[in-house]
Engineer: 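Take this structure first; my questions come after.
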Amino acid sequence: MAVPAQTSEADAWDAVLRQTKLAVESNTDPYAWAFDIRSTLHSSAIAIPSTELAHRLVSHFFWDNYSAAAWKLLHTSLSLDIIPPSLLLALLSAAVVPRRKLYPTAYRLYMELLKQLRDMLEHDVSSPNYEKIMKSIDDALQLSQVYGQKLWEPGIVLVEFVFSVVWQLLEASLHDEGLLDHTTENKPIWLCRSHDMDIDGHDIVGEKKTEDVEGFQKKNTAMAVEIIAEFLQHKMTSRILSLVHWNMPSYWKSFVHQTQLLVSNSPILRNLRNNTVDSLMSLTENIHAVVSHEFKIKSKVKTKEVICGGSPMSFAAQSSGDSWSALWLPIDLILEDALDGGQVAAFSAIEIITGLVKTLHVVNGTMWHSTFLGLWVAALRLVQRVGTVPTKRERDSKEGPIPRLDTCMCMLLSITTLVVTCIIEEEEGQLIEEAEHSPTTSKGTEKPALGKCRGELITSLQLLGDYESLLTPPQPVLEEANKAAAKAILFLSGNPVGSGYMEYTNGLPIKYSGNLRHLIVEACIARNLLDASAYLWPGYVSECSNQIPCSISNHVPGWSSLMEGSQLTPELVNVLVATPACSLAEIEKIYEIAINGSDEDKISAATIMCGASLGRGWNVQELTLLFITKLLSPIDPPNYSGAESHLISQAAFLNVLLLGISSVDCVHVFSLHGLVPLLAAGLMLISEVFGSRVPDASGTVAAGEKLTHWEVFSNAFTLLLRFWRFDRLPVEQVRSGATAPPFGSLLSPECLLLVRNSKLASLGRTAKDQKMLKRWSNILSFPADPIFIDFFPKLNYWYRKHQDSIASTRSGLVPGGPVHRIVDALLSMMFSKVSNGAEPSTPTTSGNNSSSGLAFDDALKVPAWDILEAIPFVLDASLTSCAYGKLSTRDLATGLKDLADFLPASLVTIASYFSAEVTRGVWKPALMNGTDWPSPASNLSLVQQEIKNILVDFNVPSLDIDGKSPPTLPLPLAAFVSLTITYKLDKATERFLALIAPTVTALASACPWPSLPIVTSLWVQKVKRWSNYFVLSASSTVFHHNRDSVVQLLKSCFTSTLGLGSACIYNNGGVGALLGHGLVPQISDGISPVAPGILYLRVYRSIGDIELLIEEIVPILMLSVRDIASDLSKGIIRKPKKTKFGIKYGQVSLARSMARVEHAALLGASLVWISGGPKFVQYLISETLPYWFLSASMLEQGGGESGVMVAMLKGYALAFFVFLSIAFSWGIDNSHQPKRLTKVIGLHMEFLESALNRATSMRCHGATWEAYVSWFVSLMVSRAPSWIQEADEDLLKRLSRGLRRMDEHELALRLLEIGGIRVMGAAAEMIIEFKRI
């Protein structure tokens, strides 16, 4: 039936309605009706397909004019493309599903139509009216309001529409079976939007109420469930639904919950095929796994299929032995680096190592038990490198001002155990949080079961028993290991085992074969990670230990006596000092005595706390450190009203604590636990108070000796100054600011306080912190109020003056001023014993020089801060007099020693002064000839030879020892060294040498060669048993002065680890070849070569041009890959063969090569991260990498299959190297996304996009570039999706287009799929588009 031309739009719609009514009444052929409708719309210039027509037809038919003919007309309109199919489905879903009980046949027909949704979507997405169609769907279903989306895009509406129709079917099925949950958390979204879902209607045409209606409705429900399962299983719709999983998690959780209700309770589902029910649940819960299959990368280079057939780290992860061990190489390196006592790090080793372990767990794709095992093995290797010293000669050779076995055991039993604790607590905290927010959890329900990591820990410890060679305890801890084994045997024998069990085993003939695993298990039990069931593990204790007496009576007084109320007698104190506490309650008891006890008991408690509980009480070490930190951070008592600080009366108590924690090992343990910033604040207060007092005012008696305020000040101040590099010039601080290694020292007291304030301000806010606080004592707390350097005016004034004095020359003294008088008095005190009576020239007047000794004594009765202010002028006058021959070198050294003895805190200023003066270079050289200055000649040749023995693969410069011209040192350095060798090496002076030794070493290293070997020779004469330590330190200066040696050292690290080169002495490769026997080489007829990894970790902080590492690391990595791939060109891998699965190579050899390539990248990333941290990585991404790609030599290009393969291996190695460098620096955890990481990733993605879209041309081999891009993006997608989700949406779309240009269609799609809701629409459109490819 035709209509007149040029009708209005309103008239056209009236005509359409008349034509439709007539077609139904007269049973007109649907196609004839459709052609009439098309003609009518065309005459009114209404575009076809028409969204308005869809609305009008559905509104007309449902339900006032409903009939069976309606479906025929609708199907015909779809087949002739008169109405948009997707819109019709949306309209029908809103009209039919709510009335499915009244119209079960209509519901069945709707679902039959829904099966065609995939084809409908494909049709509408390619339509010119695509955006208009999606807008109509959004308006019809109110999707934007339902899902609260502020961003509108047609692709987003498409995803919401697909999800909505599936979810609507699910809710309908639940409602039909009476299972729909109407609680607030699980309120249905779709059915509740209809007001007629429960209407009882009357008989409708074609819908007769018979006995079969209920059965028909059940069939509809079954069909709905099958459609849901089909949507979840089909490639296209499942990928669209996975976008909801990634980007709308709250809605997806509700969907999953409702699916669980249906599967668990539906009687209809029980009659369906089992595979339908099983697949429904598994597909719902693992929708991300359905689409996260391995990428099938299409490439123009056919050999690429070999590399891309596996996942990241797949080759290495499948390996065993050395290859498996190499997966955890970064842990070995970071543990070894953390052991360097030359740096007092401000950040917790627990946090650093935890982040690294979590990253490696994701990157390596291993189970947690394998990850934990890798951590335990790395820590055990560290102990074996440091602690296994079979002979006394070797034990002596390992002595030196470096952390020793106590620190190593702390790393194994405290730090490593706390790392595992943090990981387990984090997982279980997440489970609790998820349970609290889960719709399935009701109030009052029990907490969820323990996480998987706890069970994985048990598996790892059971497997650890197979590593017998690593479990042998060092001799000093053998007794502790045996006692740990004895505890298990006592438990198995039925004897009661309490916290004081060690007291009962002292008299037993211990033959229990204890090992380090027993100590590890006890550490885990102490932290509630394990229980006593671990004692029942097969092989945990030896069978020959069953003969245990039923009762044990030889009990000595110990911790159990203290807990029973015994007084702190001298005998008990001695036992408690020598025996570590075993529980929190025991260490809490000591802390309470230190707070509330008598003065004598307080001192005893401080002595106990700094005894074995601090050094070897690994199970309570963290708490001991916290209690000591708290005691050294005193606050004013509540009722205190005295005129002077309350600290004055606690001088003896505080001094015991200061001396007790001043050893190298103790300071390092504080550093490893991240407590240095908290401890520093307390030391600043103590220094401020005691440094403001005159030396002999109200002296305190301690242990029968006079204790002055200056002694307390010096002990606190020198300990505080070890926490940052106080001797560095401002220009050196700026240069060092270019790096931020994980275990680097902070540069100033302000930085320490900022870190302290930040830690305490955020403490307890995160779930991780709350878990940590539960491990702490309830009586332990730290004030969160911020502290700034201005709170300590004396310290702040000294620090500013100190900075000025080392940065520039000092201004003249004001004659007659207070500083002038102190300078004169100090000079008189220092040189009063000069034999010829001559005194050095001073900046004072001659009148003041004749002052009486009494006047000088009075001038020195001033606060220590005033003395420190005068010392730079004293040193300047003394050194000037020596330079002009008015003061002998011996008298200068003696005077400096007298000054240091007078006020030990003056060592800080002495070190800074000499360091600054050497840098200025205004002093003449000092002849080390044995007359004027000490001579190193007797040992210099030996030192040179030993340096060559250590650096056997390196070019060591000659020392030019000819006997005619004596060696020289800069005058300030000669004076400084002369002072240091006047010290006796004992525990009383160890803390002072630990303060100045790093300055001497750094200063001598910066001076021209061979300054440090000369200093070493002088020190070897003083302490022969430390010769190995000194020689190794001297060998490091070779790398400070020689750029080529640094490059050679880097190459040696790679060749040794990878086992490259026939001439390489480390040809076996692996961690053992890289790190060897540790820091100090063992003696075997002299000093043996030191492993390159140890050398690098020892010297990288002192390399002047540290940026050299970044510039050289990429070329060295590429050379290593070339050497690895050289086997391919030697015919080891057979000629490739074509198969139906693509090109196939010799898979075994290729897998081995791939594993070595991954290990090379792993090593390179580890070195970059450890050396410079995030700042280095940012420089690598923004500068080094683009430069390499844009200027790579064309010599890299090779011909034939092997040339392409090598080029691709280089790209793969480079991608893995860059990805790991970023991951190590910032992590891949979704919970923490630093702004700098977002910036770095964005910059690199911009670079990739520019090259892919041909805005930038690459000069490297094409296969290298393609492999790099493919694998770097693949690693981000599969291992670090959170990186992508923070990127700019436009950048992601452009990068995706670039990947498609490279035929990486699957990868381009995955990039968008996990890119966040901003690109969800583009991902959905690409999914549908892929069906047509």
Side-chain angles (χ1 to χ4, degrees), residues 1 13 15-42 46-100 102-127 129-130 133 136-137 140-141 161-162 165-166 168-169 204-207 216 219-220 223-224 226-227 230-231 234 237 1328:
M1 176 179 173
W13 292 122
V16 167
L17 184 59
R18 290 194 303 271
Q19 292 168 338
T20 303
K21 289 181 178 180
L22 180 60
V24 173
E25 293 170 357
S26 59
N27 198 21
T28 304
D29 181 67
Y31 283 94
W33 167 82
F35 282 114
D36 288 342
I37 296 296
R38 179 189 290 273
S39 177
T40 300
L41 297 179
H42 179 71
I46 298 176
I48 296 175
S50 171
T51 58
E52 180 66 19
L53 177 61
H55 279 279
R56 289 181 179 271
L57 290 177
V58 173
S59 177
H60 173 73
F61 288 132
F62 303 91
W63 296 96
D64 295 337
N65 300 290
Y66 179 73
S67 67
W71 290 97
K72 296 179 181 180
L73 299 183
L74 291 175
H75 274 287
T76 304
S77 63
L78 288 177
S79 63
L80 296 180
D81 199 21
I82 298 177
I83 59 176
S86 300
L87 177 58
L88 175 61
L89 270 180
L91 295 170
L92 290 175
S93 70
V96 175
V97 178
R99 297 201 177 190
R100 64 195 175 281
L102 298 176
Y103 304 95
T105 303
Y107 185 41
R108 169 64 64 91
L109 293 173
Y110 162 74
M111 288 191 290
E112 292 290 350
L113 195 62
L114 187 59
K115 292 180 179 180
Q116 305 175 36
L117 177 61
R118 293 181 290 273
D119 296 329
M120 295 177 179
L121 293 174
E122 183 181 352
H123 175 276
D124 287 341
V125 167
S126 61
S127 169
N129 299 320
Y130 166 57
I133 294 170
S136 298
I137 292 175
L141 300 179
F161 168 56
V162 174
V165 296
V166 176
Q168 187 185 41
L169 285 182
I204 305 299
V205 178
E207 302 283 359
F216 191 65
K219 290 181 180 180
N220 280 349
M223 183 177 180
E226 290 177 344
I227 290 176
E230 184 181 349
F231 271 62
H234 189 273
T237 49
I1328 295 173

Engineer: Given the side-chain rings of Trp71 and Phe62, with only the six-membered ring counted for Trp, is the space between their centroids under 6.0 Å?
Structural biologist: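 Centroid distance Trp71-Phe62: below 6.0 Å, so yes.
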
Engineer: When rounded to the nearest 0.5 angstrom, what distance separates CD1 in Ile1328 from OG1 in Thr237?
Structural biologist: 10.0 Å

Engineer: Please check this pair: side chain of Ser126 against backbone of Glu122, looking for a donor-acceptor N/O pair closer than 3.5 Å.
Structural biologist: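 At least one qualifying donor-acceptor pair exists.
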
Engineer: Supply the atom-to-atom distance Leu88 CG to Met120 CE, rounded to the nearest 0.5 angstrom.
Structural biologist: 6.5 Å

Engineer: Counting only N and O atoms by type, is there a donor-acceptor contact under 3.5 Å from the side chain of Ser39 to the main-chain atoms of Asp36?
Structural biologist: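 Answer holds: no.
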
Engineer: Does Thr105 offer a backbone N or O that forms a donor-acceptor pair with the side chain of Arg108 under 3.5 Å?
Structural biologist: no

Engineer: Examine distances only and state if a side-chain atom of Thr76 and a backbone atom of Lys72 form a donor-acceptor pair shorter than 3.5 Å.
Structural biologist: yes

Engineer: Are any non-hydrogen side-chain atoms of Leu109 and Leu92 less than 4.5 angstrom apart?
Structural biologist: no

Engineer: Taking side chain as C-beta onward, heavy atoms only, is Leu89 less than 4.5 Å from Tyr110?
Structural biologist: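 A side-chain contact exists here, since the closest heavy-atom pair is under 4.5 Å.
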
Engineer: Given 3.5 Å as the limit, does a donor-acceptor pair link the side chain of Asn220 with the main chain of Pro104, or not?
Structural biologist: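 It does hold such a pair.
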
Engineer: Is any side-chain heavy atom of Leu113 less than 4.5 Å from a side-chain heavy atom of Leu78?
Structural biologist: yes

Engineer: Can you see which heavy atom on Tyr130 is nearest to which on Val125, and at what distance?
Structural biologist: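 Heavy atoms only, the tightest pair is CD1-CA, 3.6 Å.
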
Engineer: So, are Glu25 and Lys21 salt-bridged, with charged N and O less than 4.0 Å apart?
Structural biologist: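 Between Lys21 and Glu25 there is no salt bridge, as every charged N stays at least 4.0 Å from the carboxylate O atoms.
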
Engineer: Relative to each other, are the rings of Trp63 and Tyr103 parallel, tilted or perpendicular (30° and 60° limits)?
Structural biologist: parallel

Engineer: Hey, could you give me the CG/OG1 distance between Leu17 and Thr40, rounded to the nearest 0.5 Å?
Structural biologist: 12.0 Å

Engineer: What are the two closest non-hydrogen atoms of Ser67 and Val24, and how far apart are they?
Structural biologist: OG-CG1, 3.7 Å

Engineer: To the nearest 0.5 Å, tell me how far His234 NE2 sits from Leu117 CG.
Structural biologist: 10.5 Å

Engineer: Does Leu22 offer a backbone N or O that forms a donor-acceptor pair with the side chain of Ser26 under 3.5 Å?
Structural biologist: yes

Engineer: Is it the case that the side chain of Arg38 and the backbone of Leu80 share a donor-acceptor pair, with hydrogens and angles ignored and the cut-off at 3.5 Å?
Structural biologist: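 Pair found, side chain donor or acceptor close to backbone of Leu80.
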
Engineer: Could Lys115 and Glu226 be called an ion pair, given the rule that one side-chain N must be under 4.0 Å from one carboxylate O?
Structural biologist: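 A salt bridge is absent here (no side-chain N lies under 4.0 Å from a carboxylate O).
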
Engineer: Would you compute the distance between atom CG of Leu74 and atom CD1 of Ile83 and round it to the nearest 0.5 angstrom?
Structural biologist: 5.5 Å

Engineer: Are Ile48 and Asp81 close enough that some pair of their side-chain heavy atoms sits under 4.5 Å apart?
Structural biologist: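 Ile48 vs Asp81: side chains apart.
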
Engineer: Is a side-chain donor or acceptor of Gln168 paired with a backbone partner of Ser93 at a separation under 3.5 angstrom?
Structural biologist: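 The answer is yes, because a donor-acceptor pair under 3.5 Å joins these two groups.
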
